[in-house]
Protein chains: 2
Amino acid sequence: MTEPRWLNADERRAWLALLSINTLLPAALDTQLQAAGKLSLFDYNVLAMLSEAEGRFLPMSELAARTSASLSRLSHVVTKLQRRGWVEREAHPGDARVTVAHLTESGMNTIVSLAPGHVGAVRALMLDAMSDDDVADLARIGEKIVARLDDNHWILRER
Amino acid sequence: MTEPRWLNADERRAWLALLSINTLLPAALDTQLQAAGKLSLFDYNVLAMLSEAEGRFLPMSELAARTSASLSRLSHVVTKLQRRGWVEREAHPGDARVTVAHLTESGMNTIVSLAPGHVGAVRALMLDAMSDDDVADLARIGEKIVARLDDNHWILRER
DNA sequence: AACCGCTAGTTGAAGTGTCAAGTATTGATT
DNA sequence: AATCAATACTTGACACTTCAACTAGCGGTT
């Protein structure tokens, strides 16, 4: 067995910071969204991705990719959002295996009303702490890490 | 109602990257730890924080702070780790309100055996994608965000 | 010495996420 | 045209997290 390369000071700082952000940031955003509309950050993201899609609908697989979620997790959540009248499931005309998730009018109204508060929270909790250069650096480094985790990730395809 | 400042291109990239990392990185590390020792990333972190503490014990509150967790979440997890023989609960001599979590010999052996594989995964999934400058930048920016989320966070006290 | 607010931690219930197993459809192969 | 692997999704059970409510001890006040 070979000796593992241990983390140096910067590596440890970067790793611990990311781990902490990872726990604290979603929790804080969840709290804001829970107060504003009784939904989770993940719920919000599902609605947001649909609202930005052409025609406000996407196949479950594509929606799962855009929210970095498993199909199973997404399926459960869409069921929940469906019960609240924000999303509908529809058949895909060309391929009977595919389920299309479609944002309803009510769902669209919900996300439009929640967006300002949510964006405000993202600014207050993270972006306002950073200079413009920091933001650019984080975007660059973050995308490198995403590429390492999933080199076909959709956020990398946009550019 | 004032118009909310929308996200510009870099802000959006930084935010989406962080959101994706947030979902993908813990999932990948969980998978590795689950395969290696049937525990979660959070479980691992609890053991790691105890193993690094003076005397290998910490009050629940301090352990919660070092894992960025709620006391409730930690309490449930410590109960689980206790059942597996890795942690023990002890009374605090000076303050009867305090419960001290103590890493057992068996718990120490567990973390020692898991550490190389875990650190290897952290490198493979994130650090290896970055230059030395990237790592330093991420540490600096990450700590700024942590400070914004919790300006008394323990990782900021170390320096 | 009784009270009161605060700190520290636990618990049970309800909601979420994950995992393994299952269904149905498609496209490719023979 | 029958088979077979792969794709797309759903479901149910179990594990985990969160939330609200609770117990209990400490320190300061009157």
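Since this is a predicted model, take the numbers as computed values, not measurements. Letters A, B, ... mirror the listed sequences (proteins, then strands); counts begin at 1.
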Student: In this structure, how many angstroms lie between the C1' atom of dT16(C) and the OH atom of Tyr44(A), rounded?
Tutor: 21 Å
Student: Nearest heavy atom decides the nucleotide; on that basis, is Ala96(A) or Asp43(A) closer to the 5' end of DNA chain C?
Tutor: Asp43(A)
Student: Could you go through the side-chain contact (heavy atoms from CB on, under 4.5 Å) check for Leu138(A) and Ile145(B) one step at a time?
Tutor: CA-CA 11 Å; Leu138(A) 181 58; Ile145(B) 299 175; 4.1 Å; yes
Student: Measure the shortest side-chain to side-chain distance between Glu143(A) and Leu16(B) over non-hydrogen atoms and say whether it is less than 4.5 angstrom.
Tutor: no
Student: Run the side-chain contact (heavy atoms from CB on, under 4.5 Å) check on Arg148(B) and Met130(A) step by step: do they pass?
Tutor: CA-CA 10 Å; Arg148(B) 179 49 77 124; Met130(A) 303 158 69; over 6 Å; no
Student: So, OP1 or OP2 of dG9(C): does either fall under 4.0 Å of a side-chain N or O from Arg89(B)?
Tutor: no
Student: Would a 4.5 Å heavy-atom cut-off, applied to side chains only, mark Leu50(B) and Arg56(B) as touching?
Tutor: no
Student: Roughly, in whole Å, what's the span from CG in Leu81(A) to P in dG17(C)?
Tutor: 11 Å
Student: Please figure out whether Arg97(B) or Ser40(B) has its closest DNA chain D nucleotide nearer the 5' end.
Tutor: Ser40(B)
Student: Across the strands shown, which category fits Asp30(A) at heavy-atom distances under 4.0 angstrom: base, sugar-phosphate, nothing?
Tutor: nothing
Student: To the nearest angstrom, how far is Asp95(A) atom CG from dG27(C) atom C1'?
Tutor: 10 Å
Student: Does the side chain of Gln32(B) reach to within under 4.5 Å of the side chain of His118(B), using non-hydrogen atoms?
Tutor: yes
Student: Which residue, Phe42(B) or Pro59(A), contacts DNA chain D at a nucleotide closer to its 5' end, judged by nearest heavy atom?
Tutor: Pro59(A)
Student: Whole-Å distance between dT18(D) P and Gln32(A) CD?
Tutor: 17 Å
Student: Would you jot down, in residue-number order, the residues of residues 61-74 of chain B having a non-hydrogen atom under 4.0 Å from DNA chain C?
Tutor: Ser61(B), Leu71(B), Ser72(B)
Student: Of the listed nucleotides (dT17(D), dC9(D), dG9(C)), which one gets closest to any side-chain atom of Thr99(A)?
Tutor: dC9(D)
Student: Counting C-beta onward and ignoring hydrogens, is there a side-chain heavy-atom pair between Glu11(B) and Arg123(A) closer than 4.5 Å?
Tutor: yes
Student: I need the NE2-P distance between His76(A) and dT18(C), as an integer number of Å.
Tutor: 10 Å
Student: Can you measure Leu24(A) atom CG to dT17(D) atom P for me and round it to whole angstrom units?
Tutor: 15 Å
Student: Let me know the distance between CG of Leu39(A) and C1' of dG15(C), rounded to the nearest Å.
Tutor: 14 Å
Student: Ignoring backbone atoms, test whether Lys80(A) places a side-chain nitrogen or oxygen under 4.0 Å from the OP1 or OP2 oxygen of dG15(C).
Tutor: no
Student: Tell me: CG of Leu58(A) to P of dA8(D), nearest whole Å?
Tutor: 14 Å
Student: Check whether more than 12 heavy atoms from other residues, nucleotides or ligands sit under 6.0 Å from atom CD of Gln82(A), and answer yes or no.
Tutor: yes
